[in-house]
Q: 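Just dropping this structure here.
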Amino acid sequence: MVFGIQPVLESLRAGKEIEKILVQRELGSIEILEFARMRGVPVQKVPSEKLDRITRKNHQGVIAFVSAINYVKLENVVADVYEQGKTPFILILDRVTDVRNFGAIARTAECAGVQAIVVPTRGAAQINADAMKTSSGALNFLPVCRENSLSETVKYLQDSGIQVVACSEKVEKTIYDVDFTIPTAIIMGSEEDGISDDLMRRADQLANIPMAGRVGSLNVSVANGVILYEAIRQRSLV
């Protein structure tokens with residue numbers, strides 16, 4: 001965490017990976033806002049009371065949360081995977097905000113051989129010490145890509161020859177009916193309302209995990225594990 005107008009500004013100028021910046025509503029227009037916009041860093045205008053709850057030190061109305069990792073460009077990941085002669089295997093997280101869920105998903109994804117996790121710039125879990133701990137260190141090895149628009153990301157992946165599979169309990173087709181042996185990106189949705197309608201429409205295939213019990217859905221981290229390992233099962237048979 002970095003606080004104070006000048007320290008936060010210098011962090012932006014130095015190119016540090018910043019998850020988000022909280023700015024006191026009454027501050028109005030300050031240089032930090034312009035730098036954050038150019039860097040694509042999310043900014044939230046909040047009451048001073050919220051900042052005071054985070055730190056009692058002189059924050060001057062600005063607090064920035066520095067990421068525990070360095071984000072990478074998805075284009076570089078995809079290019080590297082193809083150059084190495086591997087089959088793309090990408091995971092997209094649509095508004096998964098729970099830090100521990102994110103960490104657990106990253107742990108499973110790294111074990112499953114996923115080559116990158118894609119998250120939106122806004123509405124994603126903060127990658128902090130809790131996320132790193134829950135991932136059991138997986139986030140030190142697994143690239144994470146932060147994209148302004150997941151819709152544009154889906155289109156880019158499709159244009160790159162990668163099928164996009166959206167996983168939802170709202171459809172009839174199951175994950176066992178999907179061919180995961182070809183280049184694939186899997187979308188997992190938020191804990192509250194699943195995958196956004198826009199991404200559902202843009203996906204090449206929609207699939208669910210068959211449920212035999214009375215509870216209608218799985219925790220997103222558990223569902224992620226089921227789907228990724230179905231993909232591993234299929235790929236191991238090729």
Q: Return yes if a side-chain donor-acceptor contact under 3.5 Å exists between Glu19 and Tyr71, otherwise no.
A: yes
Q: Step by step, would you call Leu74 with Glu147 a side-chain contact (heavy atoms from CB on, under 4.5 Å)?
A: CA-CA 8 Å; Leu74 180 60; Glu147 300 293 327; 3.6 Å; yes
Q: Determine yes or no for a side-chain-to-main-chain donor-acceptor pair under 3.5 angstrom, with Ser160 supplying the side chain and Ile162 the backbone.
A: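 Pair absent, no side-chain N/O of Ser160 close to backbone of Ile162.
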Q: For side-chain contact (heavy atoms from CB on, under 4.5 Å), just list the numbers for Glu169 and Met211, CA-CA rounded to whole Å, side-chain angles, deciding distance to a tenth of an Å, and then say yes or no.
A: CA-CA 9 Å; Glu169 72 278 7; Met211 307 292 291; 5.8 Å; no
Q: Give a yes or no on whether the backbone of Leu51 and the side-chain of Thr55 come within a donor-acceptor separation of less than 3.5 Å.
A: no
Q: Rounded to the nearest 0.5 Å, what separation is found between the CE atom of Met1 and the NZ atom of Lys57?
A: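 Met1 atom CE to Lys57 atom NZ measures 8.0 Å (nearest 0.5 Å).
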Q: How long is the gap from OH on Tyr156 to OG on Ser149, to the nearest 0.5 Å?
A: 14.5 Å
Q: Could you walk me through whether Ser136 and Arg107 pass the side chain to side chain donor-acceptor pair (under 3.5 Å) check?
A: CA-CA 7 Å; Ser136 291; Arg107 180 177 182 176; 3.1 Å; yes
Q: Between Arg56 and Asp52, does any NZ, NE, NH1 or NH2 come within less than 4.0 Å of an OD or OE carboxylate oxygen?
A: no
Q: Check the surroundings of atom CD in Glu172: do more than 12 heavy atoms from other residues, nucleotides or ligands lie under 6.0 Å from it?
A: no
Q: So, do Phe3 and Asn58 sit near enough that their side-chain heavy atoms are less than 4.5 Å apart?
A: no
Q: Within a strict 4.5 Å, meaning less than it, do heavy atoms of the Glu31 and Arg13 side chains meet?
A: yes
Q: Closest approach of Cys145 and Ala116, non-hydrogen atoms and distance?
A: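 Looking at all heavy atoms of both residues, the shortest contact is SG-CB, 4.1 Å.
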Q: Donor-acceptor pair, distance only, cut-off 3.5 Å: does the side chain of Thr184 make one with the backbone of Ile182?
A: yes
Q: Please name the pair of heavy atoms, one in Val2 and one in Ser11, separated by the smallest distance, quoted to 0.1 Å.
A: CG1-OG, 3.8 Å
Q: Counting only N and O atoms by type, is there a donor-acceptor contact under 3.5 Å from the side chain of Ser236 to the main-chain atoms of Arg233?
A: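 Here the side-chain-to-backbone pair exists.
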Q: Could you grab the distance from atom SG of Cys167 to atom CD1 of Ile187, nearest 0.5 Å is fine?
A: 8.5 Å
Q: Check whether the side chains of Ser221 and Asn101 place a donor and an acceptor atom closer than 3.5 Å, and report yes or no.
A: no
Q: Under the 3.5 angstrom rule, does the side chain of Asp204 hit a backbone N or O of Val164 as a donor-acceptor pair?
A: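 A pair under 3.5 Å: yes.
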Q: Taking the side chain as C-beta and beyond, is there a heavy-atom pair between His59 and Gln24 under 4.5 Å?
A: yes
Q: Using only heavy-atom distances, determine whether the side chains of Asp179 and Thr181 contain a donor-acceptor pair under 3.5 Å.
A: yes
Q: Given Glu152 and Arg202, is the salt bridge (Lys or Arg N to Asp or Glu O under 4.0 Å) satisfied, shown in steps?
A: CA-CA 10 Å; Glu152 292 180 6; Arg202 292 175 182 270; over 6 Å; no
Q: Give a yes or no on whether Arg95 atom CZ has more than 12 heavy-atom contacts from other residues, nucleotides or ligands under 6.0 Å away.
A: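 Correct, the count exceeds 12.
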Q: For Val23, run the side chain to side chain contact (heavy atoms under 4.5 Å, CB included) check against Val8, Leu33, Ile5, Ile63 and tell me which one passes.
A: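 Among Val8, Leu33, Ile5, Ile63, the one meeting side chain to side chain contact (heavy atoms under 4.5 Å, CB included) with Val23 is Leu33.
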Q: Identify the two heavy atoms, one from Gly40 and one from Asn148, that lie closest to each other, and give their separation to 0.1 Å.
A: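 Shortest heavy-atom separation between Gly40 and Asn148 comes out as O-OD1, 4.5 Å.
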Q: Flag this pair as yes if the NZ/CZ of Arg235 is under 6.0 angstrom from the six-membered ring centre of Phe89 and inside a 45 degree cone about the axis; otherwise no.
A: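 Yes - Arg235 lies over the ring of Phe89, closer than 6.0 Å to its centre and within 45° of its axis.
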Q: Do Ile117 and Phe102 have side-chain heavy atoms sitting under 4.5 Å apart?
A: yes
Q: In the structure I gave you, are the side-chain heavy atoms of Ile92 and Leu157 within less than 4.5 Å of one another anywhere?
A: yes
Q: CZ/Arg122 to CD/Gln44 distance, rounded to the nearest 0.5 angstrom?
A: 8.0 Å
Q: State, yes or no, whether a side-chain contact exists between Leu91 and Met188 at a heavy-atom distance under 4.5 Å.
A: yes
Q: Do Thr134 and Val99 have side-chain heavy atoms sitting under 4.5 Å apart?
A: no
Q: From Ile227 CD1 over to Tyr176 OH, what is the distance, rounded to the nearest 0.5 angstrom?
A: 9.0 Å
Q: Minimum heavy-atom separation for Gln115 to Leu142, with atom names?
A: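 Smallest interatomic distance, heavy atoms only, reads C-CD1, 4.0 Å.
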Q: Can a donor-acceptor pair be found between the side chains of Gln205 and Gln163 at a distance below 3.5 Å?
A: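 Yes, because at least one side-chain N or O of Gln205 sits under 3.5 Å from a partner of the opposite role on Gln163.
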Q: Nearest 0.5 angstrom please: Arg201 CZ to Leu206 CG, how far?
A: 11.5 Å
Q: For side-chain contact (heavy atoms from CB on, under 4.5 Å), just list the numbers for Ile21 and Leu12, CA-CA rounded to whole Å, side-chain angles, deciding distance to a tenth of an Å, and then say yes or no.
A: CA-CA 10 Å; Ile21 300 174; Leu12 285 166; 4.0 Å; yes
Q: Restricting to non-hydrogen atoms, name the atom on Val96 and the atom on Gly189 that form the minimum distance, rounded to 0.1 Å.
A: CG2-O, 3.5 Å
Q: Kindly say whether Val178 contributes a backbone atom to a donor-acceptor pair with the side chain of Gln234 at under 3.5 angstrom?
A: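 Answer holds: yes.
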Q: Any side-chain donor-acceptor pair under 3.5 Å between Arg146 and Thr121?
A: no
Q: Start with the C-alpha gap between Leu93 and Val118, add the side-chain angles, then the distance that decides, and say whether side-chain contact (heavy atoms from CB on, under 4.5 Å) holds.
A: CA-CA 6 Å; Leu93 301 183; Val118 181; over 6 Å; no
Q: Would you tell me whether Thr174 and Asp177 have side-chain atoms, one donor and one acceptor, within less than 3.5 Å of each other?
A: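 Present: a donor and an acceptor within the cut-off.
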Q: So Ile54 and Phe65, do their side chains get closer than 4.5 Å, heavy atoms only?
A: yes
Q: Looking at Ala106 and Leu139, what are the two nearest heavy atoms and their distance?
A: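 Distance-wise, the nearest heavy atoms are CB-CD2, 3.7 Å.
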Q: More than 12 heavy atoms of other residues, nucleotides or ligands under 6.0 Å from NZ of Lys86: yes or no?
A: no
